[in-house]
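Worksheet: the structure to be examined is printed underneath.
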Amino acid sequence: MKVATYQIDEDGLLDSTFNYLVKHGLENITIRELCKGTGIAQGSIYYWFSSKQDLICEAAEYGLIKVVDEIFLYVFSNMENLRKFFDECLSEIDKYKNELRFIYQMAASPVYGVKVREQGKDINIIYDKYVKMLALRLQCSTQELKPLVYLFISAVLDYAVWENAENTQMQLEFIYSVFMKNINAATI
């Protein structure tokens, strides 16, 4: 049996752990299995985290922020054609379904859920940062844009969990129509 012997920084550890957990799930995961599956030395884990629960919860938060940043990067790179963005964004979301499902599983977990939801409260700060950036880019009110961004996030999570593209596209069409109505009213 080959044992991992190298040290890793905290971000690398969180990234490796998150990717491993997305692929293998939470069921009966041990530190030994995690180390074997990621190649991370057990000493690295206990250097950065006091318990398995802390590591798993931190990895989930790290992964959520990473996915949110990547999705919003996609949003910003497709701002020139909003119609096309709303028509094609589910294809982009498909790339993150496993990660989003894992995060949903974490939030619903009786073991990890309370801690993950507590840590996840800070995610609203990140969402609000993106609302401000979008409002500035689109030259519209953050107050009008914020509920639409949160509806978009809800639709994305709903799609990741239930995979109902038809219902999600219907939600996206509603968001798009309200958004365009507000943008057009603001420019008149």
Side-chain angles (χ1 to χ4, degrees), residues 1-77 89-134 136 142 146 149-150 152-163:
M1 179 171 86
K2 188 175 180 181
V3 177
T5 58
Y6 66 90
Q7 295 290 318
I8 191 167
D9 69 0
E10 185 177 12
D11 282 349
L13 192 148
L14 291 172
D15 192 53
S16 294
T17 301
F18 179 72
N19 291 328
Y20 181 83
L21 292 171
V22 166
K23 186 174 180 180
H24 297 284
L26 288 171
E27 294 299 317
N28 301 318
I29 190 75
T30 66
I31 291 294
R32 178 173 283 144
E33 290 169 344
L34 184 65
C35 290
K36 184 178 176 185
T38 61
I40 298 170
Q42 201 167 358
S44 293
I45 291 174
Y46 289 114
Y47 175 80
W48 294 105
F49 302 97
S50 61
S51 70
K52 179 177 91 170
Q53 183 180 20
D54 286 345
L55 168 63
I56 290 173
C57 292
E58 289 286 331
E61 182 180 20
Y62 173 89
L64 175 59
I65 291 168
K66 181 179 171 183
V67 168
V68 166
D69 287 345
E70 289 176 14
I71 289 171
F72 276 101
L73 180 64
Y74 172 76
V75 169
F76 280 102
S77 67
C89 73
L90 291 184
S91 295
E92 183 69 15
I93 300 307
D94 281 336
K95 296 176 185 177
Y96 303 101
K97 278 199 285 191
N98 292 335
E99 289 86 348
L100 293 169
R101 284 182 186 148
F102 172 73
I103 293 162
Y104 186 87
Q105 178 188 16
M106 288 288 297
S109 166
V111 175
Y112 302 104
V114 171
K115 186 166 186 159
V116 167
R117 287 189 302 273
E118 187 177 294
Q119 288 174 317
K121 290 177 184 174
D122 294 338
I123 199 73
N124 289 335
I125 295 168
I126 295 168
Y127 293 159
D128 291 345
K129 174 187 81 169
Y130 282 119
V131 168
K132 289 176 186 174
M133 291 168 63
L134 281 167
L136 185 63
T142 56
K146 185 174 181 174
V149 169
Y150 276 76
F152 174 79
I153 293 164
S154 179
V156 164
L157 291 173
D158 187 58
Y159 175 67
V161 172
W162 303 110
E163 290 191 56

#### Entry: Closest contact, heavy atoms only, Ala41 versus Cys35
C-SG, 4.2 Å
#### Entry: Heavy-atom side-chain proximity of Asp69 to Ile126 below 4.5 angstrom
yes
### For Ala59 against Thr17, the heavy-atom pair lying closest together
CB-CG2, 3.7 Å
### Query
Between Lys97 and Asp94, is there a salt bridge with N-O shorter than 4.0 Å?
yes
### Heavy-atom closest contact (Tyr150 atom, Asn124 atom, distance)
OH-O, 3.5 Å
### Query
Does the side chain of Ile71 reach to within under 4.5 Å of the side chain of Val67, using non-hydrogen atoms?
yes
### Query
Would you say Lys132 has more than 12 foreign heavy atoms packed within less than 6.0 Å of its NZ?
no
### Task
May I ask you to test the Leu26-Val111 pair for a side-chain heavy-atom distance under 4.5 Å?
no
### Query
Is there side-chain contact between Tyr159 and Leu100, with heavy atoms separated by less than 4.5 Å?
no
### Message
Does Leu34 form a side chain to side chain contact (heavy atoms under 4.5 Å, CB included) with Lys52? I'd like the steps, not just the answer.
### Response
CA-CA 10 Å; Leu34 184 65; Lys52 179 177 91 170; over 6 Å; no
### Task
Calculate, to the nearest 0.5 Å, the distance between atoms OG and CD1 belonging to Ser51 and Ile31 respectively.
8.0 Å
### Task
Flag the pair Ile153 / Tyr127 as yes when at least one side-chain heavy-atom distance between them is below 4.5 Å, and no otherwise.
yes
## Note on the structure
Nearest heavy-atom contact between Glu10 and Phe49 is OE2-CZ, 3.8 Å
### Message
For a quick test of reading the model, state the closest non-hydrogen atom pair linking Ile40 to Ser16 and the distance between them.
### Response
CD1-CB, 3.6 Å
### Heavy-atom check, side chain of Tyr20 versus side chain of Ile29, under 4.5 Å
yes
#### Entry: Atom pair CD (Glu58) and CD (Gln53), whose distance is rounded to the nearest 0.5 Å
11.0 Å
### Task
Under the side chain to side chain contact (heavy atoms under 4.5 Å, CB included) rule, what do Tyr47 and Leu13 come out as? Steps first, then yes or no, please.
CA-CA 11 Å; Tyr47 175 80; Leu13 192 148; over 6 Å; no
### Met106 side chain near Ile56 side chain, heavy-atom distance below 4.5 Å
yes
### Query
Do the side chain of Asp158 and the main chain of Ser154 share a donor and acceptor less than 3.5 angstrom apart?
no
### Message
Taking Leu73's backbone N and O only, do any of them form a donor-acceptor pair with Ser77's side chain (distance below 3.5 Å, no angle check)?
### Response
yes
### Task
Mind listing the closest non-hydrogen atom pair of Ser44 and Trp48 along with its distance?
O-CD1, 3.1 Å
### Task
Please say whether more than 12 non-hydrogen atoms of neighbouring residues, nucleotides or ligands are located less than 6.0 Å from OH in Tyr104.
no
### Task
Drop me the distance from Gln105's CD to Leu21's CG, to the nearest 0.5 angstrom.
9.0 Å
### Summary
dist Thr142:OG1 -> Leu134:CG (nearest 0.5 Å) comes out at 11.0 Å
### Query
At what distance, to the nearest 0.5 angstrom, does CG of Leu64 lie from CD1 of Ile103?
4.5 Å
### Task
Measure the spacing between CD of Glu163 and CZ of Arg101 and express it to the nearest 0.5 Å.
4.0 Å
#### Entry: Ring center gap for Phe18 and Tyr62 short of 6.0 angstrom
no
### Query
Are Val156 and Tyr96 close enough that some pair of their side-chain heavy atoms sits under 4.5 Å apart?
no
